[in-house]
Number of protein chains: 2
Amino acid sequence: MGFSHAEENYLKVIYKLSKLQPKGVSTKSIGELLQIKSPTVSDMLRKLGNKKLIKYTKYKGVFLTVKGEQIALKVIRKHRLWETFLVQKFKFKWDEVHYIAEQLEHIDSRELVNRLDEYLDFPQFDPHGDPIPDENGEIAERHNKTLDQVKKGSDVIIVGVKDHSSEFLKYIESLSLTLGAKVSVMDVINYDKSFIVKVNDGKEIGLSLLVCKNLFIS
Amino acid sequence: MGFSHAEENYLKVIYKLSKLQPKGVSTKSIGELLQIKSPTVSDMLRKLGNKKLIKYTKYKGVFLTVKGEQIALKVIRKHRLWETFLVQKFKFKWDEVHYIAEQLEHIDSRELVNRLDEYLDFPQFDPHGDPIPDENGEIAERHNKTLDQVKKGSDVIIVGVKDHSSEFLKYIESLSLTLGAKVSVMDVINYDKSFIVKVNDGKEIGLSLLVCKNLFIS
DNA sequence: AAATTAAATTAGATATGCCTAATCATTTTA
DNA sequence: TAAAATGATTAGGCATATCTAATTTAATTT
């Protein structure tokens, strides 16, 4: 007994939003992420509530149940494994895989997912640095420190991106800011909080606050 | 502008049936293959006709248009490439891949298909011996000679299977009758037209007429 | 050629997943 | 705290893809 693509998509975004909205996920935010109007979201929430995949009380934010979270994690696992596959084996760029993985994440076959995982040698993180849940739904702690949080003089490593948009990814790639890149913070401009950094000991470049906020570091 | 899974499935089976029903494919046969009742099929045929994917005249058999055939061949190409991938790279058995490939064949990404093709080194035939259409819809002639058509004393090679059912595939695999197997016809029993054969010069075994009719040979 | 059988279509219904317009509830602001 | 703004839900529709029951058309049999 499986779930529809629509249901899986809702559960996935509720999972993601629940990390940002611990008091319950709003109808509005779900609709915005899925590009779906809120009456449609309301309908689906009632349906997911009836199926005990979320805790739903009218006019209150929603929460995933254990079962709902399990399903969300399976979809996220598949999405991230397929993204890893596409980049590692098929040589796609990290900004090209999202649309394809959005489709592949709904393929229903437990055995396929596990063979994919094995084929990739059980990766812990996907090409954007996001952690990949294991078969039991265990997932590594997400990186949450961003470049804007460090002080002048720090040496850090890029371990993930918060913004997955093609535009952002292409831009930072053009600056050699890929996963694993070493970033040395030479200066922080007080006026606009922008950063002057060296990437892999290259020449100095400037990064806006917005860019820094979207780079996970360790 | 893509097509729904349902539409793609109809086009695929109409393509396959058109090889057997050159005077036009019947509503009934489409419904049987897709496990869908005929009124539903009628509705869809009208719809596909309006979209100029098939030539549809009420109460007459249907034909694919050039455009409809192109789409059918793309779906078949994806299905057969994915089956090849699953068997070659993920080590699935040839009787395990159908359900998964039925889903993967609808993934929409021209680039993905071409990279898959390249990753597999442009295979001509899938794990069941069926020819794989190329990017332009060109497809090798299907094998059409079956084992039941040869005479006592013939030496032939298994190049494909007509029946893709798990039951059939498992059975013939247990007899070492896989693709590439050498079959020597030792005798044909007149009473029931069954065959006595040696597989890869092993010991003699009997094959019913039905089994022989489902084995493509060269 | 008429009667029967088989196949195909139409009519009418259902579930999913989406929409807009209108209403209701909650939160924020003056 | 009352009014306004924001957010959520209900009401009513629509398209897709399916179904069963009834009807129509074509094919087969006598």
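Quantities reported herein were computed from a predicted structural model and do not represent experimental measurements. Residue numbers start from 1 in every chain, and the chains themselves are labelled A, B, ... in the order their sequence lines are given, proteins ahead of strands.
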Could you tell me how far apart [X] ([atom1]) and [N] ([atom2]) are, to the nearest whole angstrom?
X: B:Glu7; N: D:dT16; atom1: CD; atom2: P; answer: 8 Å
X: B:Ile30; N: C:dA8; atom1: CD1; atom2: P; answer: 9 Å
X: A:Ile36; N: C:dT20; atom1: CD1; atom2: C1'; answer: 15 Å
X: A:Arg46; N: D:dT10; atom1: CZ; atom2: P; answer: 6 Å
X: A:Asp43; N: D:dT10; atom1: CG; atom2: C1'; answer: 9 Å
X: B:His106; N: D:dT16; atom1: NE2; atom2: P; answer: 18 Å
X: A:Met44; N: C:dA15; atom1: CE; atom2: P; answer: 16 Å
X: B:Lys60; N: D:dA27; atom1: NZ; atom2: C1'; answer: 12 Å

Option among B:Val87, B:Leu179, B:Val97, B:Asp163 that satisfies the side chain to side chain contact (heavy atoms under 4.5 Å, CB included) test with B:His128: B:Val97
Geometric cation-pi criterion, A:Lys89 with A:Tyr119: 6.0 Å, 45°: yes
B:Tyr56 six-ring face occupied by B:Arg46 cation (under 6.0 Å, within 45°): no
Name the closest nucleotide to the [X] side chain, picking from [options].
X: A:Tyr59; options: C:dC19, D:dG7, C:dT9; value: D:dG7
X: B:Lys37; options: D:dT20, C:dT10, D:dA8; value: D:dT20
X: A:Lys28; options: D:dT9, D:dC19, D:dG7; value: D:dG7
X: B:Thr40; options: D:dA8, D:dT18, C:dC19; value: D:dT18

Nearest-nucleotide comparison on DNA chain C, the residue closer to the 5′ end among A:Lys58 and B:Ser29: B:Ser29
Distance below 4.0 Å between A:Tyr56 side-chain N/O and D:dA8 OP1 or OP2: no
Sugar-phosphate, base or nothing in reach of B:Ser42, heavy atoms under 4.0 Å: base
Sugar-phosphate only, base, or nothing, as touched by B:Ser38 at under 4.0 Å among non-hydrogen atoms: base
Neighbour count above 12 (heavy atom, 6.0 Å) for A:Lys12 NZ: yes
Contact check, side chains of A:Leu53 and A:Leu64, non-hydrogen atoms, under 4.5 Å: no
